[in-house]
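What follows is a short report on a single structure.
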Amino acid sequence: MTSFNIEDAAFAGVGLLARRPAAAIVWALVWALLVALVAIPFAGALEAYVTLVAKSGGHITPAELIPLAPQLGAFGLLMGLGGLVVGAVVSCAVYRAVLEPESSRFAYLRLGDQEIQVMLVNFVRGVILFIINFIISITVAMLVIVAGGTNALAVSIRLIGELLLLGVMFWVQLRFSLAGPMTYAEHRFRLFESWALTRGLTWRLLGVGVILLVIGVVVYLAVVSLAVAGSLALWNNAPRPGDVHALLTLPPAQWMAALAPFIALIAGMVVLAAALLTPIGLAPWPQIYRILTNGGSTASTASS
């Protein structure tokens, strides 16, 4: 059967990042723009929530939260909907960079039928994963109750159930991992077709996933190190840790002004992490799809 080289596929995103660093930065800025556009109308509610958390030490009562609940709920809903749209647009940009590298205008970003179809695939896949999560979690919870709730048997059942849930969710996501690239390339809804295409390749896909996890950890540690270095550079003029809690209880304008350099530093590090991880995490899957459908020159015949 047609297969692929695990290392080549896993490092496809690193290669894309090296070839198109400016596009990767644009993709990260698109995510940042989404957060900004959604957060600005709810800035007052978000600031009030942070102040409330600081004053209560993280122990917010329902009565305190009720006045903010409608705005926080609307913020969460809009972020979810916006994330679904932007996620599809950015994913298709990465797919386009791998499958159609010549279409590089606007950093590969478009909003058309392919993006809409990929958005639908992502939504349906999310619903399926939610249902699987719900069924396994409810089943495990019932078994724990039957076993007694707190004894050794119940604890063992809970642990085994959590491991089973993680394993099943990861396996299902691997089998659906080519749904986005397939949908993009074929201009049609393709979800369960990914299941057929990945048959017999689970271990190779798992190898790609493990390598991506390692790369992600390395990137995360590098970004955190930069953030720590930046914080140390700002240390002399910064509020001391013991003062931050008291500072957050003040009106938002005061603590935001005092913490502005750190907020800017954190925002910059988040954008940097997104710029690095977006191509690294997304590019391997269209690369694998391209090879499996004989669109690439590195296909081979092997069994998984």
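This chain uses plain numbering: 1 for the first residue, then up along the sequence. In this text the structure is predicted, and so the values were computed from the model without any measurement.
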Any side-chain heavy-atom pair of Tyr108 and Trp27 under 4.5 Å: yes
Is there a side-chain contact between Thr278 and Leu17 (heavy atoms, below 4.5 Å)? no
Could you tell me which non-hydrogen atom of Ile136 sits nearest to which non-hydrogen atom of Gly161, and how far apart they are? CG2-O, 4.4 Å
Please step through side-chain contact (heavy atoms from CB on, under 4.5 Å) for the pair Phe106 and Val26, ending with a clear verdict. CA-CA 9 Å; Phe106 306 121; Val26 172; over 6 Å; no
Phe11 versus Ile280: any side-chain heavy-atom pair under 4.5 Å? no
Applying a strict under-4.5 Å side-chain criterion to I, L, V, M, F, W and Y, I'd like to know whether Ile25 and Val94 cluster together. no
Heavy-atom nearest pair, Ile211 first then Ala10, reads CG2-CB, 3.5 Å
Is it true that Leu16 and Val218 fall in one hydrophobic cluster, defined by side-chain heavy atoms closer than 4.5 Å? no
Check the pair Val121 / Arg190 against side-chain contact (heavy atoms from CB on, under 4.5 Å), numbers first and verdict last. CA-CA 7 Å; Val121 162; Arg190 288 287 183 264; 5.7 Å; no
Transitive ILVMFWY side-chain link Met269 to Phe262, under 4.5 Å: yes
Locate the shortest heavy-atom distance separating Ser194 from Ser177; write the atom from each residue and the value. OG-N, 3.8 Å
Just do the side-chain contact (heavy atoms from CB on, under 4.5 Å) check on Val89 and Met119 with the steps written out, would you? CA-CA 8 Å; Val89 170; Met119 180 173 59; over 6 Å; no
Is the closest side-chain heavy-atom distance between Leu201 and Leu292 below 4.5 Å? yes
Can you find a heavy atom in the side chain of Phe42 that is under 4.5 Å from one in the side chain of Leu72? no
Here's a test for you: under side chain to side chain contact (heavy atoms under 4.5 Å, CB included), which of Leu165, Leu166, Val172 qualifies with Val168? Val172
Is the CZ atom of Phe170 crowded by more than 12 outside heavy atoms at less than 6.0 Å? yes
Between Arg96 and Glu115 (salt bridge meaning N to carboxylate O under 4.0 Å), is one present in this structure? yes
What are the two closest heavy atoms between Ala24 and Ala275, and how far apart are they? CB-O, 3.3 Å
Find the distance between OG1 (Thr293) and CE (Met182) and round it off to the nearest 0.5 Å. 8.5 Å
Linked, directly or transitively: Trp31 and Leu29 (ILVMFWY side chains, under 4.5 Å): no
With a cut-off of 6.0 Å (strictly less than), are more than 12 heavy atoms of other residues, nucleotides or ligands near CZ of Phe189? yes
Neighbour count >12 (heavy atoms, 6.0 Å) for atom CE, Met142: no
Where the side chain of Glu162 meets the backbone of Ile160, is there a donor-acceptor pair that is under 3.5 Å apart? no
Is there a path from Val217 to Val224 through hydrophobic residues (I, L, V, M, F, W, Y) whose side chains come within less than 4.5 Å of each other? yes
Sub-3.5 Å donor-acceptor pair from the side chain of Thr183 to the main-chain atoms of Val118, do we have one? no
Contact between His187 and Asp113 at the side-chain level, heavy atoms closer than 4.5 Å - yes or no? yes
Would you name the heavy atoms of Arg20 and Pro101 that are closest together and state the gap between them? NH2-O, 3.9 Å
Tell me whether Arg188 at atom CZ has more than 12 heavy atoms from other residues, nucleotides or ligands lying less than 6.0 Å away. no
How many angstroms lie between atom CG of Leu265 and atom CG of Leu226, to the nearest 0.5 angstrom? 9.0 Å
Reported SG-to-CG distance for the pair Cys92 and Leu111, which is rounded to 0.5 angstrom: 9.5 Å
Proximity of Trp171 and Trp195 rings by center, below 6.0 Å: yes
Measure the shortest side-chain to side-chain distance between Val98 and Trp285 over non-hydrogen atoms and say whether it is less than 4.5 angstrom. no
So, Arg125 side chain and Phe176 main chain: donor-acceptor pair closer than 3.5 Å or not? yes
Apply side chain to side chain donor-acceptor pair (under 3.5 Å) to the pair Tyr95 and Gln287, showing each step before the final yes or no. CA-CA 8 Å; Tyr95 302 159; Gln287 173 74 356; over 6 Å; no
Which heavy atom in Thr198 sits nearest to a heavy atom in Leu174, and how many Å separate them? CG2-O, 4.2 Å
Is there side-chain contact between Leu206 and Val210, with heavy atoms separated by less than 4.5 Å? yes
